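Note sheet for the following structure.
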Amino acid sequence: MTDNDLAAQATELLRLHQAPELLTVVNVWDTITATVVTDIPGTKALATASHSIAASRGYEDGENIPVDEMIAEVARIARATSLPLSADLEGGYGDAPETIRKAIGVGVVGANLEDQMKPLAEAAAQVEAVMKAAADAGVPDFVLNARTDAFVKAGDRDPAEVLADAIERGKAYLDAGAPVIFVPGRLSEQQVTALVDALGPQRLTLIGIPGIPSLARLQKLGVARVSYGPMSQNVALTALAKLVESVHDGGGVPEDMRILN
């Protein structure tokens with residue numbers, strides 16, 4: 001893929017986030033999952049799940065997989081699809097701008113980047129450095145999905161305080177150049193509304209977990225994107241576990257199985 005192709009894919013991925021229609025992205029973790037998801041009608045973009053990639057290789061989540069191993073798998077996924085690809089790159093593996101440069105080099109045009117609740121000035125500076133690295137690599141519309149872990153790491157903090165923290169961090173990352181802000185957590189409609197009001201429509205991205213508002217409602221509220229992180233791998237593993245249980249009980253392959261590889 002040429003530099004012009006990458007830049008064009010980034011611009012398209014950015015447009016998908018900014019469109020009034022909610023962008024839904026079911027995360028993938030290897031070549032075959034990328035191929036299957038790409039081939040489903042209606043799929044407009046792909047995103048990797050760092051947790052799923054790490055787990056499939058025997059690593060615990062949390063930057064335990066070596067960065068070069070992560071990038072190598074992302075490269076295989078990029079080669080398996082013609083769609084714009086965003087990569088979950090955890091907190092950047094100690095050097096976020098360099099990790100983004102490596103990812104762009106293998107065909108990535110967007111990324112999740114965790115703030116890990118670092119001091120706000122440090123986290124915002126990292127966002128700015130990443131966006132500069134992407135522009136220097138010829139991808140000025142790189143779709144950095146700047147993640148705040150305010151809710152993920154909330155513990156027993158007051159929910160109103162956590163929401164205010166997420167809003168403050170989100171605004172800082174937008175000011176630093178990130179086009180969208182990722183706030184994972186089991187958020188209520190009131191919390192989503194407050195975030196959209198503070199950050200602006202088509203600036204907030206969420207994770208699709210049980211308990212959040214419906215996709216239709218999130219679209220009406222002005223959410224840009226919903227992705228599924230490790231949920232998609234868990235759905236696949238659940239199907240595998242059910243097959244094993246069925247075989248142990250004297251059954252077998254379900255009748256609705258599809259031949260997808």
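Remember, predicted model here, so these are calculated numbers, not experimental data.
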Handout entry: Exceeds 12 heavy-atom contacts within 6.0 angstrom, atom CD of Glu60
Key = no
Practice task
Could you check if a side-chain atom of Thr38 sits within less than 4.5 angstrom of a side-chain atom of Thr43, using non-hydrogen atoms only?
Solution key: no
Practice task
Only counting residues at least two apart or in another chain, list the ones meeting side-chain contact (heavy atoms from CB on, under 4.5 Å) with Glu21.
Solution key: Lys44, Gln219
Exercise for the section: Could you walk me through whether Phe182 and Leu204 pass side chain to side chain contact (heavy atoms under 4.5 Å, CB included), step by step? Expected result: CA-CA 6 Å; Phe182 183 28; Leu204 174 66; over 6 Å; no
Under 3.5 Å, sequence neighbours excluded: what are the donor-acceptor pairs made by side chains of residues 172-180?
| from | atom 1 | to | atom 2 | distance (Å) |
| --- | --- | --- | --- | --- |
| Tyr173 | OH | Asp115 | OD2 | 2.7 |
| Tyr173 | OH | Arg169 | NH1 | 3.1 |

Completion exercise
One should read off an interatomic distance between Met131 CE and Glu128 CD, to the nearest 0.5 angstrom, of 10.5 Å
Problem - Test item: Val28 and Thr35 side chains (from C-beta on) under 4.5 Å apart, heavy atoms - result: no
Practice task
Compare all side-chain heavy atoms of Ile212 with those of Leu218 and state whether any distance is below 4.5 angstrom.
Solution key: yes
Problem - Ser50 and Trp29, any side-chain heavy atoms less than 4.5 Å apart - result: no
Practice task
Kindly indicate whether the side chain of Ile209, heavy atoms from C-beta on, has any atom under 4.5 Å from the side chain of Met231.
Solution key: yes
Practice task
Mark yes or no for whether Glu63, through its side chain, and Tyr93, through its backbone, hold a donor-acceptor pair below 3.5 Å.
Solution key: yes
Handout entry: ILVMFWY cluster, Met117 and Leu187 together (side-chain gap under 4.5 Å)
Key = no
Problem - From OG (Ser52) to CD (Glu73), nearest 0.5 Å - result: 11.5 Å
Completion exercise
Scanning both residues in full, the closest heavy-atom pair of Gln233 with Ala55 reads OE1-CB, 3.9 Å
Handout entry: Gln9 side-chain N/O to Ser82 backbone N/O, donor-acceptor pair under 3.5 Å
Key = yes
Problem - Partners meeting salt bridge (charged side-chain N to carboxylate O under 4.0 Å, His left out) with Arg217 (sequence neighbours left out) - result: Glu189
Practice task
Tell me who clusters with Val247, hydrophobic residues only, linked when side chains sit under 4.5 Å apart either directly or through other members.
Solution key: Leu243, Val253, Met257, Ile259
Practice task
To the nearest 0.5 Å, tell me how far Gln190 CD sits from Leu195 CG.
Solution key: 12.0 Å
Exercise for the section: Determine whether Val196 and Val162 fall in the same hydrophobic cluster, where Ile, Leu, Val, Met, Phe, Trp and Tyr are linked whenever their side-chain heavy atoms lie under 4.5 Å apart. Expected result: yes
Problem - Under 3.5 Å donor-acceptor, Ser86 side chain and Ala47 backbone - result: no
Practice task
Mind jotting down which residue pairs meet the salt bridge (charged side-chain N to carboxylate O under 4.0 Å, His left out) criterion with at least one end in residues 130-151? Sequence neighbours excluded, please.
Solution key: Glu114-Arg147, Lys132-Asp136, Arg147-Asp149
Practice task
Would you check if the side chain of Gln202 reaches a backbone N or O of His17 as a donor-acceptor pair within less than 3.5 Å?
Solution key: no
Handout entry: Stepwise side chain to side chain contact (heavy atoms under 4.5 Å, CB included) check, Arg225 with Leu206
Key = CA-CA 6 Å; Arg225 161 179 153 185; Leu206 301 174; over 6 Å; no
Problem - Gap separating the CZ atom of Arg186 from the CZ atom of Phe151, nearest 0.5 angstrom - result: 12.5 Å
Problem - Under 3.5 Å: donor-acceptor pair, side chain of Thr48, backbone of Asp88 - result: yes
Problem - Distance-only polar pair, side chains of Thr205 and Asn145, donor-acceptor under 3.5 Å - result: yes
Practice task
Verify, without hydrogens or angle tests, whether Thr148 (side chain) and Gly170 (backbone) share a donor-acceptor contact under 3.5 angstrom.
Solution key: no
Problem - Backbone N/O of Gly229 and side chain of Ser227: donor-acceptor pair under 3.5 Å - result: no
Without placing hydrogens or testing angles, list every side-chain donor-acceptor pair under 3.5 Å for residues 95-103, not counting sequence neighbours.
| from | atom 1 | to | atom 2 | distance (Å) |
| --- | --- | --- | --- | --- |
| Asp95 | OD1 | Glu98 | N | 3.3 |
| Glu98 | OE1 | Arg101 | NE | 3.0 |
| Glu98 | OE1 | Arg101 | NH2 | 3.2 |
| Thr99 | OG1 | Gly92 | O | 2.8 |
| Thr99 | OG1 | Asp95 | O | 3.1 |
| Lys102 | NZ | Asp68 | OD1 | 3.1 |

Exercise for the section: Report yes or no: does Ser246 contribute a side-chain atom to a donor-acceptor pair with the main-chain N or O of Lys242 at less than 3.5 Å? Expected result: no
Problem - Val25 side chain reached by Val226 side chain, heavy atoms, under 4.5 Å - result: no
Exercise for the section: Would you mind reporting whether Ile53 and Ile77 have side-chain heavy atoms less than 4.5 Å apart? Expected result: yes
Handout entry: Rounded distance (nearest 0.5 Å) linking atom CG of Leu16 with atom CG of Leu23
Key = 5.5 Å
Completion exercise
Closest heavy-atom pair, Ala7 versus Gly138, reported as atoms and distance to 0.1 Å, is CB-O, 3.6 Å
Exercise for the section: Using side-chain contact (heavy atoms from CB on, under 4.5 Å) as the criterion, point out the one residue from Asp39, Val37, Leu46, Thr31 that pairs with Thr81. Expected result: Leu46
Practice task
Decide whether Val235 and Ile207 are clustered together by the hydrophobic rule: side chain heavy atoms of Ile, Leu, Val, Met, Phe, Trp, Tyr closer than 4.5 Å, transitively.
Solution key: no
Exercise for the section: Grab the two heavy atoms, one from Ile65 and one from Met70, that are nearest each other, plus how far apart they are. Expected result: CG2-CE, 3.7 Å
Problem - From CA spacing to verdict: side chain to side chain contact (heavy atoms under 4.5 Å, CB included), Arg76, Asp30 - result: CA-CA 7 Å; Arg76 295 184 189 98; Asp30 59 12; over 6 Å; no
Exercise for the section: Following the transitive rule for hydrophobic clusters with a side-chain heavy-atom cut-off under 4.5 Å over Ile, Leu, Val, Met, Phe, Trp and Tyr, establish whether Leu260 and Ile32 coincide in one cluster. Expected result: yes
Handout entry: Closest non-hydrogen atom pair between Ile104 and Phe142, with its separation
Key = CG1-CE1, 3.7 Å
Problem - Donor-acceptor pair, side chain of Asp165 and main chain of Glu161, under 3.5 angstrom - result: no
Exercise for the section: Answer yes or no: does atom CG of Asn261 have more than 12 heavy-atom neighbours from other residues, nucleotides or ligands under 6.0 Å? Expected result: no
Practice task
Would you indicate whether the side-chain heavy atoms of Asn112 and Leu89 approach each other to under 4.5 Å?
Solution key: no
Problem - Least distance between heavy atoms, Ala198 atom then Lys171 atom - result: O-CE, 3.5 Å
Handout entry: Atom of Gln191, atom of Leu163 and distance for their closest heavy-atom approach
Key = O-CD1, 4.0 Å
Exercise for the section: Treat each ILVMFWY residue as a node, draw an edge where side-chain heavy atoms are under 4.5 Å apart, and state whether Leu113 and Leu120 are in one component. Expected result: yes
